[in-house]
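The next block holds one structure in the form of structure tokens; read it before the comments.
Atom set for the values below is all heavy atoms of this structure, side chains included, hydrogens, waters and symmetry mates excluded. Numbering of ligands and ligand atoms starts at 1, following listing order. For the single chain, residues carry numbers from 1 onward in sequence order.
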Amino acid sequence: MEKWWKKSVVYQVYPKSFMDSDGDGVGDLQGIIGKLDYLEDLGIDVIWLSPVFASPMDDNGYDISDYRSINPLFGSIDDMKELIDEARKHHIKIVLDLVLNHTSDEHPWFVEGRKSRDNATHDYYVWSKEPNPLVSVFSGSAWEFNESTQEYYLHLFSKKMPDLNWKSESLRKEIYRLMNDWLDLGIAGFRFDVIEYIGKEPLSMVTANGPLLHPYIQEMNKATFGSRNTLTVGECWNVDTTTAKQYSDPDGSEFSMIFQFDHMKIDWDERLGKWNPKPLDFVQLKKGLSHWQNEMMDCGWNSLFWNNHDMPRIISRWDDDLTHPAEAAKMFAVISYFMQGTPYIYQGEELGMSNARYPLLETYTDVETLNAYQDLVIDRKVLTDKEFMAAAIRFGRDNVRSPMQWNDSKNAGFTTGEPWLPLCGNYTTINAQRQVDDPQSVFSFYKKLIQIRKKSPYSELIEKGRYTLLEPDHDRLFVYERNDGQRCLLVVANYSRSVLTYTIEKKIIGTVISTQSRPITQTIQLMPYEAFVVEVER
Ligand code: GLC
């Protein structure tokens, strides 16, 4: 089967914040349909749609109460069919975000299953007579008492997100059926939310990478998407390159690719993670990314990303004052677009949108942030309110979920109503309307990068060429080469506010792309955040 997704660019839509068509302050499917021209112009191939299934929205849709229906906030099943059809006309495929590690506690399986141990779906969830010390990713114990059966149920995320028990064969069959029904409707694949947990053995304290994880994925592959030409991507927070190769084995027995976070955890503290972040170690960042490039070469497939709905926007992450937002946005894109893997754009990244930086806890709606505040500041008192808020401004997930910045009118053209989260203050200068026709904009730069990957003399090289990190110990320059034996590309990026001099050792053949739109010479003074790619002699 043709691995079309190797040359594709994926665009993540976070539906609540993308485009509101009916004035209720929340984005919806008709809003997305209205923006397909914009997405086609950008040049993306696939939309990864964060969950739009029925949900009480405890975790913005990652808590599903019916996998077969659409949350009325976002529209109807007819809107979904229309989105699939209209997107196809724009040469865009739709990939659904499927959460199979847990459901909402309002899913009928749980509603019935929790009533009695004898009910058919009781076994669809994970129960224990005694809680063990497992903690939830969203703070506190991972176990919650259930009166009617006098047992505890497992929730690796919020209390309203009970974990599914993949050991139940009838659960697995139900899941495969619903997946096939969605595939039959014309979707092009799935993003599998926290899939690493489905093989858990919680009573032995094993959550990620349990013994049956890969057998389950292989069974799912055979029963559903394996025989269809899909893009499948597994989200994994706890994975090394050996396991990643298994997940994305070119033999097609599991997923097309993996979405892993090694480079995104680089500034997390050992004890409190992102709520007590460390300064960036740029040399480590380069080594980490390079390790994945080298290890996955020819035997697996990785996703390339700097942003998504769970983490700070990269241009804001290590830079509070953002003196050069557009330059930084272009520079980060250059670093990742010439690596091997499939690039993912998180909505607004293509405009250089920044974190919203909400200073007040009252503004936050995200269950993870609110639970962490309760746990770290109120219950355990390991962080002060001030310390926590300093971290929340950078890492609290609502900061990356602020509405899309379409234009400089009220609410940035996102809604005619009251937006569910306040807009980021810079929307009057950073917005799509200002950028689409400006050849110097971040948007136009992304368009060029996408075309270079998809249709240029370098496409094959970017897909297959060997990777070599140069200047590994330089603490401000990211320099690497890609070489497929026919051609060689040199990528140079200056992640600093200083002018840096760099000498290119090999003879330059031509410039591929440059953030400063100027000719590149053998010895060059790189401006702050400047990045370029040149073809050099092999
Ligand atoms: C994934 C999602 C995140 C969600 C969590 C639980 O990490 O990306 O948004 O909160 O899973 O479903």
Side-chain angles (χ1 to χ4, degrees), residues 10-18 27 47-65 67 71 95-107 110 125-126 134-140 142 144 154-164 166 175 190-198 200 207-209 232-239 247 255 257-265 268 273-275 303 305-313 344-347 364-372 375 392 395-402 420-421:
V10 180
Y11 187 95
Q12 183 190 356
V13 168
Y14 195 69
K16 245 185 135 174
S17 302
F18 189 66
I47 292 175
W48 149 21
L49 192 55
S50 277
V52 289
F53 308 100
S55 163
M57 301 298 268
D58 186 53
D59 187 18
N60 286 348
Y62 284 90
D63 48 321
I64 298 174
S65 56
Y67 292 93
N71 187 337
V95 160
L96 293 184
D97 198 331
L98 210 49
V99 188
L100 299 177
N101 174 65
H102 44 266
T103 64
S104 160
D105 64 344
E106 297 180 31
H107 194 294
F110 191 71
Y125 295 87
V126 182
L134 268 186
V135 288
S136 152
V137 177
F138 288 171
S139 308
E144 184 70 11
L154 179 74
H155 61 90
L156 290 178
F157 293 88
S158 91
K159 283 178 197 163
K160 284 187 65 59
M161 297 154 83
D163 274 57
L164 286 167
W166 273 69
I175 289 177
F190 299 104
R191 178 255 188 193
F192 294 99
D193 189 71
V194 291
I195 198 68
E196 62 196 339
Y197 292 132
I198 63 170
K200 63 194 147 258
T207 53
N209 303 312
T232 49
V233 50
E235 185 209 24
C236 296
W237 290 81
N238 304 279
V239 65
Y247 275 114
F255 299 144
M257 67 187 89
I258 177 120
F259 197 96
Q260 58 76 30
F261 295 85
D262 262 11
H263 61 302
M264 293 279 100
K265 296 194 285 192
W268 289 14
K274 63 185 184 182
W275 303 114
S303 305
F305 68 95
W306 289 115
N307 304 284
N308 81 2
H309 64 296
D310 289 331
M311 58 197 58
R313 290 194 181 266
Y344 283 67
I345 299 173
Y346 175 62
Q347 62 185 40
Y364 290 79
T365 65
D366 174 28
V367 59
E368 182 196 47
T369 307
L370 299 176
N371 283 7
D375 178 43
F395 283 88
R397 301 189 302 179
D398 283 330
N399 287 293
V400 302
R401 298 173 178 179
S402 63
W420 74 280
L421 262 182

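When the options N71, L98, D97 are evaluated for a side-chain contact (heavy atoms from CB on, under 4.5 Å) with F53, the one that passes is L98. Just one residue in the list S55, P162, P56 forms a side-chain contact (heavy atoms from CB on, under 4.5 Å) with S104, and that residue is P56. For the ring-ring contact (aromatic ring centres under 6.0 Å, His included) test with W48, the passing option among F259, Y346, F192, Y11 is F259; the others fail.
The option from F157, W237, F192 that lies nearest to atom 6 (C) of ligand 1, judged by heavy atoms, is F157.
At a heavy-atom distance under 4.0 Å, no atom of F259 approaches ligand 1. Looking at M311 against ligand 1, nothing comes within 4.0 Å, counting heavy atoms.
Centroid-to-centroid, the aromatic rings of H107 and Y67 come within less than 6.0 Å. Ring centroids of Y62 and H309 are separated by less than 6.0 Å, placing the two rings close together. For H263 and F305, the gap between ring centers is short of 6.0 Å.
Shortest contact from atom 10 (O) of ligand 1 to any protein heavy atom: D59 OD2, 2.5 Å. From the protein, the heavy atom lying nearest to atom 7 (O) of ligand 1 is E235 OE2, 2.9 Å. Regarding atom 9 (O) of ligand 1, its nearest protein heavy-atom neighbour is D310 OD1, 2.7 Å. Among all protein heavy atoms, the one lying closest to atom 12 (O) of ligand 1 is D193 OD2, 2.8 Å.
Heavy-atom distances between Q12 and ligand 1 stay at or above 4.0 Å for every pair. For E368, the closest heavy-atom approach to ligand 1 does not fall below 4.0 Å.
Heavy-atom proximity to V194, at under 4.0 Å, picks out these atoms of ligand 1: 1 (C), 7 (O), 11 (O). Of all atoms in ligand 1, listed by their number and element, those nearer than 4.0 Å to a heavy atom of R397 are 3 (C), 4 (C), 9 (O), 10 (O). Atoms of ligand 1 lying under 4.0 Å from any heavy atom of H102, numbered from 1 in the order shown and given with element: 6 (C), 12 (O). When each atom of ligand 1 is checked for a heavy atom of F138 under 4.0 Å away, the hits are 10 (O). Under a 4.0 Å criterion applied to the non-hydrogen atoms of H309, ligand 1 contributes the atoms 2 (C), 3 (C), 8 (O), 9 (O).
With rounding to the nearest 0.5 angstrom, the CG atom of N308 is 5.0 Å from the CZ atom of F261.
There is no side-chain donor-acceptor pair under 3.5 Å between N307 and Y344.
Between R397 and D366 there is a salt bridge, since a side-chain N of the basic residue sits under 4.0 Å from a carboxylate O of the acidic one.
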